[in-house]
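Here the structure comes first, spelled out in structure tokens, and everything after it is commentary.
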Amino acid sequence: MLRFIVRRALISIPLLLVASVLVFTVMHLTTDPTAGLRVNPRISAADMQRYRHDLGLDKSGPAQYFAWLGNFVQGKWGTSLFTNISVSAQIREALVNSMVLGVTGFAIALLLGVTIGVIAAVRQYSVFDYLATSGAFVALSIPVFWFALILQLLFGLYLVRWLHLPEPIFFTAGMVQPGSQGFELVDRLRHLALPAIVLAVQLLAVYSRYMRASMLEVLNSDYLRTARAKGLRERRVIVHHGMRNALIPITTQAAIDLGGLAGGLIATEAIFQWPGMGALFVRVMGDGDYAIALPWVMLTMAFVIVFNLVADILYAVLDPRIRYA
Amino acid sequence: MLASKYVRHLRLLAVVGVVALVAAACGGGGGTSSGGNNNATAQKQGGKAVFAAEQWPECLNPITSCANASWLVYTAWEHVMPRLMQTDPKGNFVASDLLVEAPTEQNGGIKTKPFTITYKLRPEAVWDDGSQITSEDVKFTWDAIMKTTGTIGTTGYDQIKTIDTSDPKTVVITFKDVYSDWQDLFGGNNANGVILKKAAFSSPNVAKEMQTSYGFSGGPWKLQSYSQQQTVLVRNDKYWVKDHIPLLDQVTFVPRTDQSTEMNSLLTGEALAAYPQPSRGITKQLKAPGIKYESGTGSTFEGLWMNNDAFPFNDKTAREAFAYAMDRQGVIDAIYKPDFPEAQVLNCAGWSPAVSDWCGNDFSDISYQPDKVKSLLEGSGWTKGGDGIYAKGGKRFSVEFNTTAGNKLREDTQALLKEKAKAAGIELVIKDLPATQLFEDRLPKREFTLAEYAQVASPDPSVTAILGADQIPSAANGNSGQNFLGWKNAQATALMKESDKTIDHAQRRDLIMQINKIERQDVPWLPLIAKPLILTWHDDRLAGPVGEYAASSYSGFFNMYDWSLK
């Protein structure tokens, strides 16, 4: 197993390098960090040249890339091309915000998705099963941005009006109450609720379908029939014997999803003004700020690689027949 | 049977959903459209307000490229930093609160030999810690602009020879030569038009300073905090103009960079005011209980910019014929007027009617006239092909028409113009590009034929940067310069240069009017509209002259010191 992990880690290094070269090349060819200044009539050609020199943008593309890479491998992430603010500080803040949102939505989705999937499978073709199936298809079909905007209006406007509330139960945008300073847990949770629901609904639909299908397959297997024939109680048969095997496919999917959350949720973060990794990436790509974009890519790819590895390891843990050499 | 029961339930759910959506769409209805200022007689003091910001500044430094973000100005430094000259709601330069009066030749503030501007600072003007704002602060700001790594622009500041600080309350700026745009230095409409507090810095290179905070204030407000989530401003009780000490205790700007979210924030009452980009149907959304808006013509103007070196626009007659094939009035009537009834076709050749008196209306004779297109083109050897499109020398009058992809107003404009142009014998082939590709690649490399985009009219009327013959980007100059059209009219360029060195307003206006006329003769581009600006707010919760600065380049939030809660 250890050899497997080391090999996977080593393979990921060239992968990260290729990704960083690709992102840098695309950004270098399609964006210009000085574009905004270019259309400012008060900025002269001489200003532009001086500015590009100050940022090192007058060097060749490879020279810029290798200068960045040299610093990056030494742990010097540098500062943004525009703001002079530390790259690591910006990414750390965005990552924490994305993970708070992502993990909350993910946990709700996993818990409810597995539960709904199991019940729907055990009670196949029941009213619950039909409702769960229809609900999952509706959830998968609803565009994220539309659902998010409807939730904002529902909680921010209509429930407040209908129930004569002094303020919304759940806030509709941002991470904190405007004007507030410091950390208040309840306030944070009330801001977190709606974006987490939007994320959870999408994932929940997927997980419940996965779990239902997987559970149905397991429920009809010989070993479960044997367990029942031994006289085990139905709950024990389902929970201890059925679910453990049925969880294998969803575990892989969930681990991959969890790794992907590090990249943020572009639509959800945009609509709820959640300053996470997705929002950061959109901003820096638009600006052509490769000083942030490249570490962003390295980090999110590292997350994906690590969580894929975790998925493989969990696979082996859940299914003793699987062994990695 | 069971299935039909579910179907009935689903239908019921669908009906409820639709009713809810219709209610959402039609909700309210008690809102009022624009209607002037809200003149409350006795305004309440105190309280907090939250305003929505459609864009968010990434950093606060007013000297570096951070300052290229308009929303840095709107949400932070125009409320916190002092300046020398500023503009009034009509776009005219006026003295700021810092000055005793605006320098003029009459009061001895302007001398021509050598070109010198003398500003008298108000004796009572102080920073928020009570220390005096002095000429040393102005001189330090000049040093900072010239010496900061990554400074946004030194244009104009590089024309300053010396700043005399012998009297703390008198700033004497001597220029190397006549510099007509002096009012934009340390104020006006310049991105770095601020005055920094010398005592707050250890070095004039302020590249790493003021990223997320200002340690001082010389404006009506103090910056309490800034983050990616909010900017909090609180009253500066030391502000020396008592009428401009804010009535509100605190204003918080929050980023609502998605316009739907921004509108939801306003409708739900989370934000009490917003300054959204004009978009189709926006005023319909604002017809809700308690919501009011004020709109006006802004300084940003939209145009159809032709590459004067690319076929067919390398021919003056073709450019003029093209102008007559553009149904500009149709665009205004169909696209802008439903939301902004006051919208009009722009006929200024590089200026906005909302900014001072530089607009000559020289394009007013150009309207959609297919007959005129026919006579102009056929008179110069073009013939109409079987497809109804004119051609000359085997080349069709077919033009690729670029603009920024995803901009609904521009896309609708393109569609309407294309239809009418075709009827006049000109084909427009729409190919929209990401903004970055258009502005960073196609325009600087002049790899375009026709593009629609906006420029900003400044109170200073210089158009040398965008129309001067020496400002054409090319490979030789590293694609610098913003005369993307490649218009090279020696006479117009000479007039621009002369205007740039003329101080007297009337004389300068004469020169600008001559440039207006030459542009009309050459038709290097076609003005379309001065874009409307809109400030919207909760009239049931905010009082004061809200909306007075709606069309100002400082944004509608400029005078929020006068706003109060109801």
Side-chain angles (χ1 to χ4, degrees), chain A residues 30-52 54-55 79-85 93-94 127 130-131 134 145 148-150 152-158 160 168 171-176 178-179 181 270-273 275 279 283 286-288, chain B residues 6 10 20-21 23-24 27 48 50 58-59 61 64-66 68-69 149-156 184 190-191 207-208 211-212 225 228-230 232 250 252 254-258 260-261 264-265 267-268 270-271 434 436-437 439-441 444 455-456 458 465-466 471 477-478 480-482:
Chain A
T30 59
T31 64
D32 177 359
T34 59
L37 304 178
R38 223 183 255 286
V39 288
N40 184 335
R42 298 196 171 279
I43 294 174
S44 66
D47 281 330
M48 282 295 295
Q49 282 175 358
R50 176 192 38 72
Y51 188 77
R52 292 183 71 82
D54 286 349
L55 295 182
T79 57
S80 155
L81 292 182
F82 294 99
T83 63
N84 268 325
I85 296 173
E93 187 186 337
V127 174
Y130 281 122
L131 279 177
S134 313
F145 70 92
L149 291 171
I150 291 295
Q152 281 184 332
L153 283 176
L154 180 67
F155 281 89
L157 189 62
Y158 296 110
V160 172
F171 295 116
T172 53
M175 280 179 60
V176 294
Q181 308 283 330
I271 291 169
F272 289 104
Q273 297 297 147
R283 198 183 85 203
D287 289 347
Chain B
Y6 291 140
L10 281 173
L21 285 175
K48 298 175 180 181
V50 176
E58 293 172 29
C59 46
N61 193 317
T64 63
S65 62
C66 303
N68 205 42
T149 309
T151 182
I152 183 173
T154 56
T155 305
D184 269 322
N190 225 338
K208 293 189 186 299
Q211 305 304 345
T212 55
S225 69
Q228 286 301 309
Q229 295 163 47
Q230 59 182 3
V232 182
Q250 180 177 303
T252 303
V254 289
R256 297 293 177 258
T257 50
D258 175 88
S260 304
T261 305
N264 280 355
S265 272
L267 293 173
T268 59
E270 185 216 24
T436 46
Q437 196 183 347
F439 293 116
E440 296 163 23
D441 190 47
Q455 289 281 5
V456 182
S458 158
I466 59 169
Q471 297 295 319
N477 63 18
S480 294
Q482 293 169 36

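Within every chain, numbering begins at 1; the chains are lettered A, B, ... in the order of the sequence lines, protein sequences first and strands thereafter.
Chosen from B/Cys66, B/Ala69, B/Ala207, the residue pairing most often with chain A at heavy-atom distances under 4.5 Å is B/Ala207. The candidate with the highest count of non-hydrogen atom pairs below 4.5 Å against chain B, out of A/Ala279, A/Gly156, A/Gly179, is A/Gly179. Between chain A and the options B/Asn61, B/Thr64, B/Thr149, the largest number of non-hydrogen pairs under 4.5 Å is found for B/Thr149. Contact count against chain A (heavy-atom pairs under 4.5 Å) is highest for B/Arg256 among B/Gln211, B/Arg256, B/Gln228, B/Lys208.
Contacts of B/Ser225 with chain A are made by side-chain atoms alone, with heavy-atom separations under 4.5 Å and no backbone atom involved. Both the backbone and the side chain of B/Glu58 come within less than 4.5 Å of a heavy atom of chain A. Contacts of B/Thr212 with chain A are made by side-chain atoms alone, with heavy-atom separations under 4.5 Å and no backbone atom involved.
The nearest pair of heavy atoms linking A/Leu149 to B/Ser260 is CD2-CB, 3.5 Å. In plain terms, the two heavy atoms of B/Gln229 and A/Pro275 that are nearest each other are CG-CG, 3.7 Å. The minimum heavy-atom distance linking B/Leu267 with A/Leu157 is given by the pair O-CD1, 3.3 Å. In terms of heavy-atom proximity, B/Asn264 sits nearest to A/Leu153 at OD1-CD2, 3.3 Å. In terms of heavy atoms, A/Ala270 sits closest to B/Thr261 at O-OG1, 4.3 Å. Here the closest heavy-atom approach between residue B/Glu270 and residue A/Pro178 is recorded as OE2-CG, 4.1 Å.
Contact check for B/Thr268 versus A/Pro168: no side-chain heavy atoms found under the 4.5 Å cut-off. Looking only at side-chain heavy atoms (C-beta outward), B/Gln230 and A/Val176 come within less than 4.5 Å of each other.
Considering OG1 of B/Thr257 and CZ of A/Arg283, their distance stands at 10.5 Å, rounded to 0.5 Å.
With sequence neighbours excluded, the residues that form a side chain to side chain contact (heavy atoms under 4.5 Å, CB included) with B/Gln250 are B/Lys48, B/Gln224, B/Val232, B/Val234, B/Thr252.
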